[in-house]
Amino acid sequence: QVQLVESGGGLVQPGGSLRLSCAASGSIFSINGMGWYRQAPGKQRELVATITNSGSTNYARSVKGRFTISRDNAKNMVYLQMNSLKPEDTAVYYCYLDREGGYYSGSYYPRVRFWGQGTQVTVSS
């Protein structure tokens, strides 16, 4: 199994910044991609940002220009730098890791998405 641990959430005023971190460990094997989702009360979970192994990134339109996703492949970590935060950014943020499917040590493993426990981000004055 793969374990993901998020950190860096907290309370911040509108216009402020936070940096979220996600550390992966366990039977990682090969990473297909990593990213961040968020879910606010009364709203559906939404994809915030993704990053591939080659460094290609994608962002939700609501955060483009304000958020930056990055990763350190050697350390199995992914980050989300959040600037110019708005009250509507308030949500629980979840890190995910897509482990590539395939054969490892003679056994087949399907592609699996692993999730972190989530970290609360609250933007309020």
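All values below come from the heavy atoms of this structure, side chains included, with hydrogens, waters and symmetry mates left out. Predicted model, so just to flag it, every value in this text is computed and none were measured. Just so you know, residue 1 is the first one in the sequence shown, and it goes up from there.
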Q.
So, taking the atom named CG in Asp72 and the one named CE in Met34, what distance separates them when rounded to the nearest 0.5 Å?
A. 10.5 Å

Q | Over all atoms of both residues, closest heavy-atom pair of Gly118 and Val92 | A | CA-CG1, 3.9 Å

(Q) Quick one: does any side-chain atom of Gln81 pair with a main-chain N or O of Thr68 as donor and acceptor, under 3.5 Å? (A) no

Q: Return the minimal non-hydrogen interatomic distance between Ala91 and Ala40, and the atom names on each side.
A: CB-N, 3.8 Å

Q) When rounded to the nearest 0.5 angstrom, what is the spacing between SG in Cys95 and CD1 in Ile69? A) 8.0 Å

Q) Among all residues two or more places apart in sequence or in another chain, which pass the side chain to side chain contact (heavy atoms under 4.5 Å, CB included) test with Ser54? A) Thr52, Ser56

Q: Start with the C-alpha gap between Val12 and Thr122, add the side-chain angles, then the distance that decides, and say whether side chain to side chain contact (heavy atoms under 4.5 Å, CB included) holds.
A: CA-CA 6 Å; Val12 65; Thr122 303; over 6 Å; no

Q) From Arg99 CZ over to Tyr109 OH, what is the distance, rounded to the nearest 0.5 angstrom? A) 7.0 Å

Q: Mind checking the NZ-OG1 spacing from Lys64 to Thr57? Nearest 0.5 Å is all I need.
A: 9.0 Å

Q | Step-by-step side chain to side chain contact (heavy atoms under 4.5 Å, CB included) determination, Trp36 to Val78 | A | CA-CA 9 Å; Trp36 296 88; Val78 64; 4.0 Å; yes

Q | Which atom of Pro14 lies closest to which atom of Ser125, heavy atoms considered | A | CD-N, 3.8 Å

Q) Taking Arg38 as the fixed residue, which of Leu47, Asp89, Val121 is the one that meets the side-chain contact (heavy atoms from CB on, under 4.5 Å) rule? A) Asp89

Q: Would you list the pairs meeting ring-ring contact (aromatic ring centres under 6.0 Å, His included) in which at least one residue belongs to residues 53-86, sequence neighbours left out?
A: none

Q. Are Val112 and Val2 connected, step by step, through hydrophobic side chains (Ile, Leu, Val, Met, Phe, Trp, Tyr) whose heavy atoms are closer than 4.5 Å?
A. yes

(Q) My understanding is that only residues two or more places apart in sequence, or in another chain, count here; which of them pass ring pair (Phe, Tyr, Trp, His ring centres under 6.0 Å) with Tyr37? (A) Tyr96, Trp115

Q: Step by step, work out the side chain to side chain contact (heavy atoms under 4.5 Å, CB included) result for Phe114 and Gln1.
A: CA-CA 8 Å; Phe114 297 94; Gln1 291 293 308; 3.3 Å; yes

Q.
Pair Glu6, Tyr94 - check side chain to side chain contact (heavy atoms under 4.5 Å, CB included), show working.
A. CA-CA 7 Å; Glu6 300 105 328; Tyr94 298 91; 4.2 Å; yes

Could you list the donor-acceptor pairs under 3.5 angstrom formed between side-chain atoms of residues 16-32 and any protein atom two or more places apart in sequence or on another chain?
from  : atom 1 : to     : atom 2 : distance (Å)
Ser17 : OG     : Asn83  : OD1    : 2.9
Asn32 : OD1    : Arg111 : NH2    : 2.7
Asn32 : ND2    : Glu100 : OE1    : 2.7

Q | Under the side chain to side chain contact (heavy atoms under 4.5 Å, CB included) test, residues paired with Gln44 that sit two or more places apart | A | none

Q: Could you tell me whether the side chain of Gln39 and the main chain of Glu46 form a donor-acceptor pair under 3.5 Å?
A: no

**Q.** Straight-line distance of Ile51 CD1 to Arg71 CZ, nearest 0.5 Å
**A.** 6.5 Å

**Q.** Co-members of Tyr103 in a cluster of I, L, V, M, F, W and Y side chains, linked at under 4.5 Å
**A.** Tyr108

